[in-house]
Each structure stands twice: as C-alpha cells, then as structure tokens.
Amino acid sequence: MRKKAILITGAAGEIGDALIHRLADSYSDEILTLDLQPMNAEVSRKVTHMQGSILDKSLVDRLVSEYEFDAIYHLAALLSTRAEFTPDAAHQVNVGGTMQLLELAAQQSQWRGEPVKFIFPSSIAAYGLPDLDTKHAHPQVREWEWNDPTTMYGCNKLYCELLGGYYSKNYKQLSAEDPIMVDFRAVRFPGLISAFTVPSGGTSDYGPEMLHAAAQGVPYAAFVREDTTIPFMAMPDAVDALLDMAAAPRENLSRVVYNVTCFAISAAEFRDQVLKAFPEAEITFKPDVKRQGIVDSWPMDTDDSLARKDWSWEPKYSLERCFVEYLVPNIKNRYTD
Ligand code: AKB
C-alpha cells in the first residue's frame, strides 16, 4: 500500500524552506522532500527527506513505488545567473528534471484514477524585452507578451510552462471528456526576498544580498545600476501564491500560467529602504555587464490581474509592510541571535 504524501523537490532552497514551514502546520499527510542538499535541522524534523537528484531515475522510480502523491511542488532549478555559467547542466536539471516529474505525475495519476496537482514556480525570467526603451514603454507585461527570454533559465522556465500545459491538456487525451491526469499550475514570480534565507545563483539576488549584508554590517556592491527596476515580493506572499493557486477550483482557472507581482522598485529605492533600517550600511553599485543585461531584459513589472480575478490573488506585503513588518524585524533578529 502506497503512503499518501506531497512531494517537494528543491526543498532545501529558499522557497522550499518557507513552504515547508507553512505546510508542516496544516498538512496531515507525509511531506516528502527531495534535494541534493540535506535539509536544515529545524526543517528536517517535519519531513521525510530523500537526499538525491531529480535526474536519478532509479530514485524517482522508488518514490513512485512507495508513495501516492496528491500534489507535487516542483521547486528544484538552477537559477538565472548560475545557469548562464553551466547552460547544459541547467537544461538537464530545469527541463530534464521537470520532464521526469511530469512523467511521474502522469504515472501516479493513472494508478490513482485522479489527477495529480503539479505546482510549478516559473519566473519573470520567462520574459525578454529587447532594450531599455522597450522596457520603459511596457511597464506592466501580460502573460503572453514578450515571451522571448534571453537566458537559459528563462528558456527553460518558458518551455516547462508549455510542457506542463501539454501534460495537463493534451497528454493521452483523445477527447475533451477524457479526465485530466496532470493538473499543472504555474506562477511567474518576480524577485523574491526572504528574511530567513539568502538566495544564490539568481540575478534578482542584489536586492536580498544588499539587505542581508547591511544587517550583518558588511559593505556591499550591487552588481546592477541604480536605476535597474524589476518587481519583488516577500517570501510569505510567494508561499501564499503557490498555496492559493494550488487550492483554487480547477474550473476557475482560465490559464495554466499566471503572473503574480507585488512592488516594482529600482535598485536605488531598494538601497534607500535598506538605509532607513540600517543607516550605517555601506552600499555601492558596481554593475556587472552580464547580470545587468539579464535584469535589463526583465520587465519593470508584470500585470497580475488574471490571478487576482481567477483565484483572488492579493499580496499582503506592500513595499512598506514588507520592509517594516516582515524583513527588518526578522533580519535584525536573525543576525543578533
Ligand atoms: C533569478 O534571479 O534567477 C530568480 C528569478 C527571478 O527567477 N530569482
């Protein structure tokens, strides 16, 4: 008899950490986590952890034989900057890994006779605007606009969105009456900021890095220009977005991929927020050509009106609340312990 569980891949990463903290309080079945890294001690008490790769077919087959998954949160990915250094590895993990898990979900669904929810964090990196003039002329992009990513990670995310749509709408479906096997749902996240973890390998990392460095009293040189503008979101809102989208009745969803956003802010405005909390912070700007090019190709903001309409998405942390109520107090706590 298979054990009922939800599966979280890439569970030791930033979103995984926050998602597990939230799910552990509300979810009664087992939470099975999969990551190349061990889980941190606090989280590992709440989950059954498998340390390994999503590309390891025999490990994934073992999971299929032992567990029945209601939902898969597929968070494992190599982020945008890192993927530019190792595009082949990024493709294997980001696309090959996703494909393997979509197959797993389809197999599980056949045995269960019920769809498996497949929740996928996509990214603002799925967009690619050709130059800064175009970026300024289109300050809030819709899901179907400017889908011309300039990075391997962005290409991987966009393609996996399409793959997910294929598995949920066309895979082994001979007629519209055939049941859905993989209930794939994706959100395109902006840059995420957590008070408890520091990102690595991404290109939106300059925001959180600035803040965490300031809280530790360490000088920081941001790798972008001061005027660089992209949207950001507090990690608790990102977790809400995943859970709210997962909980939405299928019939309410008009798309498989939704934008979610919170506040668009320039790197200089980000620095000003950090300085309000840490007036002694030493923050400078030293743009890196490659990473600057990546964020310049991302939109200033996205239009998330469809998520608001279809599943009542609404972020709780505006710019002000994000810093004053979530980031600053928790980060001060974290580095004074
Ligand atoms: C990255 O910078 O690669 C990620 C993202 C925006 O998806 N944080």
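Just so you know, these numbers come straight off a predicted model, no measurement behind them. Keep in mind that the numbers below use all heavy atoms, side chains included, and drop hydrogens, waters and symmetry copies. When a residue number appears, it is its place in the shown sequence, counting from 1. Just follow the structure's listing: the first ligand is 1, and inside any ligand the first atom is 1.
- Cluster annotation: F69 and V182 are assigned to the same hydrophobic cluster (Ile/Leu/Val/Met/Phe/Trp/Tyr, side-chain heavy-atom contacts under 4.5 Å, transitive).
- For R321, the CZ atom counts as densely surrounded, since its 6.0 Å shell holds more than 12 non-hydrogen atoms of other residues, nucleotides or ligands.
- Around the CD atom of E314, the shell of radius 6.0 Å holds no more than 12 heavy atoms that belong to other residues, nucleotides or ligands.
- Nearest approach of P115 to D183, heavy atoms of both residues: CB-CB, 4.3 Å.
- For K135 (side chain) and T229 (main-chain N/O), a donor-acceptor pair under 3.5 Å exists by modelled atom type.
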Side-chain atoms of residues 231-240: list all donor-acceptor pairs with protein atoms under 3.5 Å, sequence neighbours left out, distances to 0.1 Å.
| unit_1 | atom_1 | unit_2 | atom_2 | d |
| --- | --- | --- | --- | --- |
| D237 | OD1 | K316 | N | 2.7 |
| D237 | OD2 | K316 | N | 3.2 |
| D237 | OD2 | Y317 | N | 2.8 |
| D240 | OD1 | R22 | NH1 | 2.6 |
| D240 | OD2 | K316 | NZ | 2.6 |

Output block, N or O contacts of ligand 1, threshold 3.5 Å exclusive:
| unit_1 | atom_1 | unit_2 | atom_2 | d |
| --- | --- | --- | --- | --- |
| ligand 1 | 2 (O) | S80 | OG | 3.3 |
| ligand 1 | 2 (O) | T203 | N | 2.6 |
| ligand 1 | 2 (O) | S204 | N | 3.0 |
| ligand 1 | 2 (O) | S204 | OG | 3.3 |
| ligand 1 | 3 (O) | S80 | N | 3.0 |
| ligand 1 | 3 (O) | S80 | OG | 2.5 |
| ligand 1 | 7 (O) | S123 | OG | 2.6 |
| ligand 1 | 7 (O) | Y153 | OH | 2.7 |
| ligand 1 | 8 (N) | S204 | OG | 2.9 |

